[in-house]
Amino acid sequence: MTDTVKATASDIKEMKIRGAGRIARAGASAMGKFAEDYNGGSLEDFKKDIDKAKKIILDSRPTAVSLWNGVQASVKDVGSAASLGEAKASVVRNAASFVKMSSSAVETIAKIGAKRVEKGDTLLTHCNSSAALGIIKEAHLQGKDIKVYATESRPWRQGLLTVKELSDAGVDVTLIIDSAVRAVMKDIDKVFVGADTVTSNGALINKVGTSQLALAANEARVPFSVCTETYKFSPMTIFGDMVEIEERDCGEVVKADEISKGVKIYNPVFDTTPAKYIDAYITELGVISPGSVYDVMVKQLGNDIFK
Ligand SMILES: O=P(O)(O)OC[C@H]1O[C@H](OP(=O)(O)O)[C@H](O)[C@@H]1O
């Protein structure tokens, strides 16, 4: 297996490459590079080998369906290719097309979402979502004079990436610990978070802590919007599949010498926010309700998904 595939899978697993959009683009790019460098003999060999490459990439992190959708989009024409050359070229072409579409989607979401930010708004965000931060930075660029609260997002503390990114962009940003979200919610006008996976019934799988943020926003009647590309919508959930919630090493939560032996540590990386706590999904196709996710998926993927 090529070094690029193994190195990409390792970087995603170790979160050197992180963020649902970024890992999707990295997975697609690795598939494209695999095809470009492939020097095997036959189309049959290529089909077997690219399936192995796909599995290595997909096994790196289980929750963000964006990774699956990015890899699938890259290899979708291999089965119908008439020759090895045609199969390789299709993967290179489709991978590049997915990466371009994915980056363009984040830019479109920024433009659409910024319209929902009003002058003087105080916003709250969680973790480090390029889609959510795109909206926030665009609203700032438009001179909307916003203030932002960003959660630390324990245990990985992606919030530190967020406050650096926003302060570097000149945004007035305040870091808070995750358990402070309900205390600050009275001062918040709107919440913007990202997505790892969206299920067919409109539920959100995102960084752990998102659901408590949605609960506090709902209690305070603060609009809660999810900023996401539609390739994070999960077709498998239409047929009842559950989304696997990744659990990571306990050492990310506490150092071994800080806790007595025998104490168990539960470290889920994501949680689920039911559709009823979500006011809108801000996507590259526009602002949609949680109840429209199924229809958007079927429209985009076509009725083939039922075959
Ligand atoms: O695609 P973008 O909007 O950048 O990020 C989407 C989500 O991916 C991240 O997961 P992790 O930090 O990779 O575990 C966060 O949960 C974030 O909200």
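For ligands, and for the atoms within them, numbers begin at 1 and follow the listed sequence.
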Check each atom of ligand 1 against the heavy atoms of [X] and keep those under 4.0 Å away; list them by number with element.
| X | value |
| --- | --- |
| Lys232 | 1 (O), 2 (P), 3 (O) |
| Met15 | 14 (O) |
| Ala131 | 3 (O) |

Just need the protein heavy atom nearest to [atom], so name the residue and atom and give the distance.
| atom | answer |
| --- | --- |
| atom 16 (O) of ligand 1 | Asp196 OD1, 2.6 Å |
| atom 5 (O) of ligand 1 | Ala20 N, 3.5 Å |
| atom 18 (O) of ligand 1 | Asn206 OD1, 2.7 Å |
| atom 6 (C) of ligand 1 | Ala195 O, 3.2 Å |
| atom 11 (P) of ligand 1 | Lys207 NZ, 3.5 Å |
| atom 4 (O) of ligand 1 | Ser130 OG, 2.6 Å |
| atom 12 (O) of ligand 1 | Arg18 NE, 2.8 Å |

field: Check: Phe233 ring centroid to Tyr294 ring centroid under 6.0 Å
entry: no
query: Under 6.0 Å between the ring centres of Tyr38 and Phe46?
result: yes
Would [X] count as a contact residue for ligand 1, given that I'm defining contact as a non-hydrogen atom of the residue lying under 4.0 Å from a ligand atom?
| X | result |
| --- | --- |
| Phe270 | yes |
| His126 | no |
| Arg61 | yes |

field: Least distance between heavy atoms, Ala35 atom then Lys88 atom
entry: O-CE, 3.0 Å
message: If I compare all heavy atoms of Glu229 with all of Gly21, which pair ends up nearest, and what's the gap?
response: OE2-CA, 4.4 Å
- prompt: Does Val269 reach ligand 1 with a nitrogen or oxygen that is under 3.5 Å from one of the ligand's nitrogen or oxygen atoms?
  reply: no
Measure the [atom1]-[atom2] distance between [X] and [Y] for me, rounded to the nearest 0.5 Å.
| X | Y | atom1 | atom2 | value |
| --- | --- | --- | --- | --- |
| Cys250 | Ile265 | SG | CD1 | 4.5 Å |
| Leu204 | Thr197 | CG | OG1 | 9.0 Å |
| Glu118 | Leu123 | CD | CG | 10.5 Å |

query: Quick one: which of Ser129, Gly19, Gly209 has a heavy atom closest to atom 3 (O) of ligand 1?
result: Ser129
Side chains of Glu107 and Ser103, donor plus acceptor under 3.5 Å: no
query: Within a strict 4.5 Å, meaning less than it, do heavy atoms of the Thr272 and Ile245 side chains meet?
result: yes
message: Given Glu246, which partner from the list Arg61, Lys13, Lys207 fulfils the salt bridge (Lys or Arg N to Asp or Glu O under 4.0 Å) test?
response: Arg61
